[in-house]
Each structure stands twice: as structure tokens, then as C-alpha cells.
Amino acid sequence: MKYMLLIYQNPANWQELPDGERDAIMSDAGAIVEELTASGELIGGEGLADSSLAKTVHVRDGVPAVTDGPFVEAKEHLAGYCLFECETPERAIEIAVRWPDARHWAVELRPLMTASGEEM
């Protein structure tokens, strides 16, 4: 099963962390990525640019509306993702629990749908 780990952060809290703690978070995440790469479970992942650069797009009755920023006002925003494939839901949860952002903010773990859409 393929899983996407959605990584949330609060940018104000991130800036308030001491440099050493930010470095540790990045190092911990890097170690997990190296592990998943070595095991063949990693598919990909990226950090996202600041949410202030985001655009929200709605199309209603054929009329597009583009607004700045995320749709919902929130202190936490989606900061990145990690896409991986593993054998069991328990392994996926183990990876999510170890992701360092889960200790400070949140991560969301979602299975990806197969082409049949049977997961719906």
C-alpha cells in the first residue's frame, strides 16, 4: 500500500525554535528518508514553499476565482509531504510516529487510492 505523510507546521513556532532544535528536526527527518530510501519504501517527497505564496482556486458555474493563501485561516499549514510504500498499516503508522514534526505539530497519514477507487 502506498501512503502519503502530510507534514504540518506552525511557521511562527518554527521560527521560535532554537537553531539546534530546528537542525535536530531536519536531521531526524533526513534519517527517516535515508532509511526509507535504503529499504526501497521511499517514493518521494518535498517541502512546500511558504503558505503565503499559495493560491486557492475555485471554479463555480465555469467562473474561476483565485485568492491568495490557503482557503482556511489556520496557524498550522501543510509544510511538505513524504510518499512511501510499505507492507502494512502498522509500518506506515510507525513511520508517522517517528516523523519529528509529529512531536511539535502534526502529521497526517493517508493511504493513496488505487486506480479502482475501492478505498472510497
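None of the values given here were measured: they were computed from a predicted structure.
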Q | Verdict with supporting geometry, D68 and K55, side chain to side chain contact (heavy atoms under 4.5 Å, CB included) | A | CA-CA 5 Å; D68 289 338; K55 302 289 183 197; 2.4 Å; yes

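- Rounding to the nearest 0.5 angstrom, the gap separating the NE2 atom in H77 from the CG atom in L48 is 7.5 Å.
- Between Q9 and P11, the shortest heavy-atom contact is O-CD, 3.6 Å.
- Across all their heavy atoms, A49 and L53 have their closest contact at CB-CD1, 4.0 Å.
- Distance check, rounded to the nearest 0.5 Å: CG of L5 to CH2 of W99 gives 6.0 Å.
- Inter-residue side-chain proximity for E34 and T37 is flagged as unmet; no heavy-atom pair is nearer than 4.5 Å.
- Here M26 is tied into one hydrophobic group with W14, L17, I25, W105, each link being a pair of ILVMFWY side chains closer than 4.5 Å.
- The local environment of CD in Q15 is crowded, with over 12 non-hydrogen atoms from other residues, nucleotides or ligands closer than 6.0 Å.
- Between atom CD1 of residue I43 and atom OH of residue Y81 there is a gap of 10.5 Å, rounded to the nearest 0.5 Å.
- Expressed to the nearest 0.5 Å, how far CZ of R103 lies from CZ of R98 amounts to 10.5 Å.
- The line from CZ of R110 to OH of Y3 is 13.5 Å long, rounded to the nearest 0.5 Å.
- Between atom CD1 of residue I32 and atom OG of residue S27 there is a gap of 10.0 Å, rounded to the nearest 0.5 Å.
- Taking all atoms of both residues into account, the shortest heavy-atom contact from I93 to L109 is N-CD2, 3.8 Å.
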(Q) Please determine whether side chain to side chain contact (heavy atoms under 4.5 Å, CB included) holds for the pair L36 and C82, giving the CA-CA distance in whole Å, both sets of side-chain angles, and the decisive distance to 0.1 Å. (A) CA-CA 10 Å; L36 296 177; C82 179; 4.1 Å; yes

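- The side-chain contact (heavy atoms from CB on, under 4.5 Å) with C86 is formed by just one residue from the set K2, R91, E94; it is R91.
- Contact detail for P100 and A29: the closest heavy-atom pair is CG-N, 3.6 Å.
- Annotation: side chain of Y8 is in contact with side chain of L78 (closest heavy-atom distance under 4.5 Å).
- Using modelled atom types, one side-chain atom of D50 and one backbone atom of S52 make a donor-acceptor pair closer than 3.5 Å.
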